[in-house]
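Worksheet: one structure, shown below.
Quantities reported herein were computed from a predicted structural model and do not represent experimental measurements.
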Amino acid sequence: MRRRLLSSTLLVAVIAVLLLGIPLGVAVNRLIQEEAIQELSGEAKSLLNEVEYARIQEQPITREQLGRKYPERYVQIYARGTPPQVTTVGAEPPEDRKMSADAQSESGVYVSVSRDKTQVEQQVRAWLLLILALAAAAMAVAVGLAVVQSRRLTLPLRDLAMIAERLGSGEARPSKHRYGIQELDRVAEVLDRSATRIADLLAREREFATDASHQLRTPLTGLTMRLEEIVAAADDPSVVKEEGEAAIVQAERLTAVIDELLAAARRQRHAQTAVVDLDALLDQQFIEWGPAFRRDGRKLVLSGTRGLRALGTGGGISQVVSTLLENSLRHGGGPVTVTTSNTGKSIVVEVADEGPGITDDLAPRVFERNMSGAGGTGLGLTLARALAAADGGRLELVRPRPAAFAIFLRPVGDPGRNRVVSGPA
């Protein structure tokens, strides 16, 4: 990445220097040339005035005077008369390197001032070299800034990559690193929050495993002992019957313990719920599923009340909505409408399409595991209902034909006490 940043910055600097340096060089060359011509033109007019004044005063201008006043110039003076007067001063430059300016009066005086343009070209080259030096300095500054900027960007990115790798390996602890770049600091904050949440989840999972192993050990030990007694007394039916009944009791106790552990796990999931912005969640779902519906020639429509917020987990609610949209895409027809509303007791998200719907014999069992009427796995709606229930809500089929499902979520401020949630765990 550092190499790409350096090359891209250098390319931008080169383009900027070329776009500014070339026109500047052309302008400097033209300006110096024009200044030299204007200077010669001014000298020619001044010389013409001097010649006119000398003629009026009848004081001729000598070559020595002209040589001292116009050094490094080739001067020609022509005055009409009988015979005409022609005066030249200085060495005439070669024709291919000659730069001239002339002036003429109404009395018949003509003057021409010429110079060798070698000095002008040297001046142009000096300015061009200065421009090149400035361009090189600008390139050096750009490269230096690119190096500093690339280090400033790549080092934090490497650090964030290491943090993400540690999170993936199970080492969940916040780094609390900040880099002074708003976007990277935002990523670091999200990773820190994720690390904290993962650490909490791991702690809860370890606690749950410890509780489970402790609570299951006793009934399993008792069940094992009863089974050993049954094996040992295989020839005595009365003992087998008695121990078998005791084993059944132990198995029932084991089932009760498992139910308690699952209930505790569900209560932990409820403790993790937070306020979810449904607008942002549904907008993200529309972004994810929009292309698939467009490829199928169908529309996704969002209607109802905006600005609603509910209690739950963003991942769980997103998974439920995603499952309903996928079912509508695969098994429904026509446009799919997602409607949000607030009934006062619940925040409702309804997903409906205009397809053939669900048959009457399948509708009562649509949420049962492995129950599918269109060649699916029969697990999607079951898991979706379980996720909704785990968040303290519920998923219901509100209309079989055309199919319409509704997710009932807890409103913000609902303590969730004495709530009965139906659906699989």
Side-chain angles (χ1 to χ4, degrees), residues 1-38 96-97 99 117-169 171-195 198 277 279-281 283-295 300 314 318:
M1 181 178 179
R2 177 182 292 184
R3 183 176 298 176
R4 289 197 299 270
L5 285 173
L6 288 173
S7 60
S8 61
T9 304
L10 187 59
L11 179 61
V12 171
V14 169
I15 294 175
V17 167
L18 291 178
L19 290 177
L20 293 176
I22 293 177
L24 181 60
V26 173
V28 166
N29 180 42
R30 183 176 298 176
L31 179 63
I32 293 176
Q33 297 279 354
E34 290 178 354
E35 284 183 352
I37 292 175
Q38 289 177 1
D96 58 341
R97 309 193 64 82
M99 180 179 293
K117 61 181 180 180
T118 301
Q119 294 179 349
V120 177
E121 292 177 349
Q122 290 176 350
Q123 188 177 4
V124 170
R125 283 195 295 271
W127 277 100
L128 291 179
L129 287 175
L130 177 60
I131 293 173
L132 288 176
L134 293 176
M139 294 291 296
V141 171
V143 171
L145 291 176
V147 171
V148 174
Q149 192 69 9
S150 63
R151 288 180 179 175
R152 189 184 179 194
L153 292 176
T154 55
L155 292 180
L157 288 176
R158 291 179 182 176
D159 192 18
L160 292 174
M162 292 176 60
I163 295 172
E165 186 176 358
R166 287 202 303 267
L167 287 178
S169 63
E171 186 181 349
R173 71 174 188 274
S175 66
K176 298 182 180 179
H177 290 178
R178 298 298 180 266
Y179 310 101
I181 302 174
Q182 183 177 2
E183 293 77 6
L184 294 178
D185 289 346
R186 173 63 177 163
V187 174
E189 291 174 2
V190 172
L191 286 176
D192 285 349
R193 288 200 298 268
S194 299
I198 290 173
D277 184 356
D279 288 347
L281 186 147
D283 289 342
Q284 182 61 35
Q285 290 296 316
F286 272 51
I287 292 173
E288 294 177 4
W289 285 96
F293 277 87
R294 285 194 294 270
R295 285 195 299 268
L300 270 176
S318 296

So does Trp289 have more than 12 non-hydrogen atoms from other groups sitting under 6.0 Å from CH2?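 Counting other residues, nucleotides and ligands, CH2 of Trp289 exceeds 12 neighbours.
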How many angstroms lie between atom [atom1] of [X] and atom [atom2] of [Y], to the nearest 0.5 angstrom?
X: Leu132; Y: Met139; atom1: CG; atom2: CE; value: 12.0 Å
X: Gln33; Y: Met99; atom1: CD; atom2: CE; value: 4.5 Å
X: Gln285; Y: Leu281; atom1: CD; atom2: CG; value: 6.0 Å
X: Leu24; Y: Leu134; atom1: CG; atom2: CG; value: 8.5 Å
X: Ile131; Y: Ile22; atom1: CD1; atom2: CD1; value: 11.0 Å
X: Leu128; Y: Gln123; atom1: CG; atom2: CD; value: 11.0 Å

According to salt bridge (Lys or Arg N to Asp or Glu O under 4.0 Å), who are the partners of Arg97, at least two apart in sequence or on a separate chain?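 Salt bridge (Lys or Arg N to Asp or Glu O under 4.0 Å) list for Arg97, sorted by chain: Asp116, Glu121.
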According to salt bridge (Lys or Arg N to Asp or Glu O under 4.0 Å), who are the partners of Asp277, at least two apart in sequence or on a separate chain?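 Partners of Asp277 by the salt bridge (Lys or Arg N to Asp or Glu O under 4.0 Å) criterion come out as none, since no residue qualifies.
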Which of these, Asn29, Ile32, Ile37, sits in a side-chain contact (heavy atoms from CB on, under 4.5 Å) with Val120?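 For Val120, the side-chain contact (heavy atoms from CB on, under 4.5 Å) test succeeds with only one of Asn29, Ile32, Ile37, which is Ile32.
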Taking atom types as modelled, is there a side-chain donor on Glu288 or Gln284 under 3.5 Å from an acceptor on the other?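 Yes, because at least one side-chain N or O of Glu288 sits under 3.5 Å from a partner of the opposite role on Gln284.
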